[in-house]
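Reading through the structure tokens given below for one structure.
In the text below, chain A, chain B and the rest are named by the order of the sequence lines, each starting its count at 1.
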2 protein chains.
Amino acid sequence: MPQTPQIAKEALDEALARQGLRSTRQREHVFSVLLHRRDHPTADEVYARAKEEMPSISLATVYNCLETLVTCGLVRAVNYEREPTRYCPNLHEHAHFQDKGSGRVYDIDLPPDVMAHLKRILPNGFEADNVEIYFHGSLQRRQDAEAG
Amino acid sequence: MPQTPQIAKEALDEALARQGLRSTRQREHVFSVLLHRRDHPTADEVYARAKEEMPSISLATVYNCLETLVTCGLVRAVNYEREPTRYCPNLHEHAHFQDKGSGRVYDIDLPPDVMAHLKRILPNGFEADNVEIYFHGSLQRRQDAEAG
DNA sequence: ACTTTAGTAAGAATTATTCTAAATTCAACC
DNA sequence: GGTTGAATTTAGAATAATTCTTACTAAAGT
């Protein structure tokens, strides 16, 4: 039973309030679904998981809630090629890696200098707000390194 | 009247042959459209431009040809968020920058070390085939620096 | 309690893209 | 030069993710 931890609920309420938005059961629940398994689910997957505890929630509401969470800055929308958008509650600056075997997406921490270093390659006049870095490849699984 | 330069036509024929594919009028024309204005057009835009010289070409064929060119390695498909796919005949390793004002996409050359440097941040077991780097921001236009 | 506003639900609509089936083209062989 | 068979093109239908619309519900302000 994923229960939104108090600390996350407070962050949610505060972030929503900052945008003049209300905290609702659906928003809280969708957020808790994302926090519970940080595996970059698609909207459909979030919908399926959300319904387990809240069978009356609709797909449209899941889309609305995800969009709201993105607007509030609590969640990041992640795209690769034209696959369905995935959602990620990890707010550190980080890159993504998609394993072409399983399609699963993993967070890759960025050493602090990388982002700055990257922005420095831009010619004069190009001002970047953000940089998306998306690796695509295969994940060599080793017995001793089991990752989620 | 964009005419495929001989050198490009030969590269096309050779690349197609390597995959056991035929060189056709449509494939050649779609390729020439991409080479003519290197502004990362969408499939729809390529369709519109291709029709000017070849009014009978269909949108499906444009999609097929673009896909074929990507398969042959002559063209890169570029995605940002869930916007329509854009096509780019620049095969150097490079990043993309989208100006949020105009939506236009620019190629950004990568210093040779950057790619290698980036791949080195991957944890053990992650083997990247490729990295997409997509900047999003605004382009400060200066009188003396007019770019296409 | 009454009114306004925000949020949710269900399904229709949209959009980029892919699929399907029929028609056409092309390269190789006779 | 015509024939054959596979590859390609075409037009339109189909698909899939997402957004929109409209009515309903819930909450907040008065």
Let me have the donor-acceptor pairs involving side chains of residues 107-117 of chain B, under 3.5 Å, with sequence neighbours excluded, atom names and distances please.
unit_1: B:Asp107; atom_1: OD1; unit_2: B:His40; atom_2: NE2; d: 2.6
unit_1: B:Asp107; atom_1: OD1; unit_2: B:His94; atom_2: NE2; d: 3.2
unit_1: B:Asp107; atom_1: OD1; unit_2: B:His96; atom_2: NE2; d: 3.2
unit_1: B:Asp107; atom_1: OD2; unit_2: B:Asn90; atom_2: ND2; d: 2.8

Check the pair A:Tyr106, B:Phe126 against ring pair (Phe, Tyr, Trp, His ring centres under 6.0 Å), reporting the backbone distance first and the verdict last.
CA-CA 10 Å; A:Tyr106 300 84; B:Phe126 289 80; 5.6 Å; yes
Per-nucleotide protein contact along nucleotides 5-23 of chain C, 5' to 3', at a 4.0 Å heavy-atom cut-off (B base, S sugar-phosphate only, - neither), is BSSSBBB----SBBB----
Between A:Tyr80 and the options A:Glu132, A:His136, A:Gln98, the side chain to side chain donor-acceptor pair (under 3.5 Å) test singles out A:His136
Separation of A:Tyr80 atom OH from D:dA17 atom C1', in whole Å?
19 Å
For the pair A:Arg86 (side chain) and A:Val105 (backbone), establish whether a donor and an acceptor sit closer than 3.5 Å, ignoring hydrogens and angles.
no
Is a donor on one side and an acceptor on the other found under 3.5 Å between the side chain of B:Thr68 and the backbone of B:Asn64?
yes
